[in-house]
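Starting from 1, each residue takes its place in the sequence as its number.
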Amino acid sequence: MLPVTDKEELAKRGRLLLKVLGALLILLMLSYILHFGLANFSNSLYHLVSEAGVWGPLLFIFFQIIQVIIPILPGGFSLSVGVLAFGSTLGFVYNYIGIVLGSISSFFLIRRFGRQLLRLLISEKSYNKYMSYLADNKKFTRFFIAAILFPIAPDDLLCMIAGLSKMRARTFILTIVLCKPFSIYVYGYGLTALLKLIFHT
């Protein structure tokens, strides 16, 4: 087995690679929209998922689950893709299901495997910054609920941090289920509206 330091170095390179991949995907998406228009991009996504049948929504939900744990695209972009591909109502539903399941999965993964897994999934800077939040469990719980309800912090990362806290699993799940819809709406529809404004569609 590789020493912990080697694993962390490989994880660091992996995170960098994902950031580069995410940036390239965003550039490709924006280039396509710039050349063919946002409506054409939305129609292409719609036809792609329609041809996939039932697998279209399932694959998108699975992507969102993975996206929470190992981010590829910034959250707002993946939410916007859901809205553009499936429409306003179904896009919100599939985004919600994927994000909720991903958040709960990340919480229990960290609760099961602890700090070693967390150190592999997030940068050392983020780790050092947010671990200090765990000193006061009640304060962290209040901050966590506010962060999930309002998009004021990297909530995907906080879901992992919460796995190391003394927060009850029931409290975590209820917070995610009840508070996530607002931030999903703000990010998903907000970025979609911004894209429409920028590209005049």
Side-chain angles (χ1 to χ4, degrees), residues 15 18-19 22 26 57 60-115 117-118 121-123 125-197:
R15 291 193 300 268
L18 287 175
K19 287 181 180 180
I26 291 172
F60 178 76
I61 289 172
F62 179 73
F63 171 77
Q64 286 292 50
I65 292 172
I66 298 300
Q67 167 81 8
V68 172
I69 303 170
I70 307 174
I72 301 171
L73 291 174
F77 277 94
S78 64
L79 292 172
S80 182
V81 167
V83 173
L84 291 171
F86 299 101
S88 299
T89 302
L90 287 178
F92 175 83
V93 171
Y94 297 149
N95 277 326
Y96 177 74
I97 293 172
I99 296 297
V100 166
L101 291 178
S103 299
I104 294 173
S105 298
S106 67
F107 174 84
F108 281 108
L109 279 172
I110 299 302
R111 181 144 290 188
R112 170 65 179 84
F113 296 103
R115 294 172 185 257
L117 177 59
L118 183 62
L121 293 173
I122 68 175
S123 68
K125 181 180 179 181
S126 296
Y127 178 86
N128 293 331
K129 177 181 178 181
Y130 287 100
M131 285 303 295
S132 62
Y133 286 37
L134 299 181
D136 186 329
N137 186 61
K138 289 184 179 180
K139 184 177 180 181
F140 173 76
T141 300
R142 290 194 296 268
F143 171 74
F144 178 78
I145 293 172
I148 297 302
L149 181 58
F150 304 103
I152 60 174
D155 48 356
D156 293 343
L157 188 153
L158 288 175
C159 288
M160 297 182 187
I161 299 294
L164 294 178
S165 73
K166 297 178 181 179
M167 186 187 300
R168 292 182 179 181
R170 179 182 177 183
T171 301
F172 176 86
I173 293 172
L174 283 175
T175 300
I176 294 299
V177 170
L178 298 177
C179 297
K180 267 295 182 182
F182 179 71
S183 61
I184 289 174
Y185 179 86
V186 169
Y187 274 120
Y189 291 95
L191 183 57
T192 303
L194 181 61
L195 288 173
K196 289 180 179 179
L197 181 63

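The structure places CG of Leu79 at 11.0 Å from CG of Leu84, a figure rounded to the nearest 0.5 Å. In this structure, NZ in Lys138 is found 14.0 Å from OG in Ser165, a value given to the nearest 0.5 Å. Between the NZ atom of Lys129 and the CD1 atom of Ile161 there is a distance of 11.0 Å, given to the nearest 0.5 Å. Here CG of Leu121 is found 5.5 Å from CD1 of Ile110. Values are rounded to the nearest 0.5 Å. Taking CD from Gln64 and CD1 from Ile184, the interatomic distance works out to 8.5 Å, rounded to the nearest 0.5 Å. One finds the CG atom of Asp156 at 12.0 Å from the CD1 atom of Ile122 (value rounded to the nearest 0.5 Å).
For the ring-ring contact (aromatic ring centres under 6.0 Å, His included) with Phe143, the lone residue among Tyr130, Tyr133, Phe150 that qualifies is Tyr133.
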Original post:
Passes side-chain contact (heavy atoms from CB on, under 4.5 Å), Ile176 versus Cys159? Steps please.
Top reply: CA-CA 9 Å; Ile176 294 299; Cys159 288; 3.8 Å; yes
Subject >> Stepwise side-chain contact (heavy atoms from CB on, under 4.5 Å) test for Lys180 and Asp155 >> reply: CA-CA 10 Å; Lys180 267 295 182 182; Asp155 48 356; 2.6 Å; yes
**OP:** In sequence, state the C-alpha distance, the side-chain angles, and the governing distance for Phe144 and Met167, and then conclude on side-chain contact (heavy atoms from CB on, under 4.5 Å).
**Re:** CA-CA 10 Å; Phe144 178 78; Met167 186 187 300; 3.7 Å; yes
Subject >> Full working for side-chain contact (heavy atoms from CB on, under 4.5 Å) between Ile148 and Leu158 >> reply: CA-CA 9 Å; Ile148 297 302; Leu158 288 175; 5.5 Å; no
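With sequence neighbours left out, the side-chain contact (heavy atoms from CB on, under 4.5 Å) criterion links Tyr189 to Val83, Ser88, Phe92, Tyr185. Under the side-chain contact (heavy atoms from CB on, under 4.5 Å) criterion, Ile145 pairs with Thr141, Thr175, Cys179, sequence neighbours left out. Listed by chain and residue number, Asp136, Arg142 satisfy the side-chain contact (heavy atoms from CB on, under 4.5 Å) test with Lys139 (two or more places apart in sequence, or in another chain). Considering only residues two or more places apart in sequence or on other chains, Ile26 meets the side-chain contact (heavy atoms from CB on, under 4.5 Å) condition with Leu30, Leu73, Pro74, Phe77. Tyr127 pairs by the side chain to side chain donor-acceptor pair (under 3.5 Å) definition with Arg115, not counting sequence neighbours. Considering only residues two or more places apart in sequence or on other chains, Ser123 meets the side chain to side chain donor-acceptor pair (under 3.5 Å) condition with Ser126.
Checked against the 6.0 Å centroid criterion, the rings of Phe172 and Phe107 qualify as a close aromatic pair. Aromatic ring centres of Phe60 and Phe86: separated by under 6.0 Å.
Residues Ile65 and Gly98 share a closest heavy-atom pair of CG1-O, 3.5 Å. Nearest heavy atom pair, residue Arg111 against residue Ala169, reads NH1-N, 4.1 Å.
The closest side-chain heavy-atom distance from Ser105 to Val68 is not below 4.5 Å. Counting heavy atoms from C-beta on, the side chains of Leu109 and Arg112 never come closer than 4.5 Å.
Listed for the Tyr96 side chain is a donor-acceptor partner under 3.5 Å among the backbone atoms of Val177.
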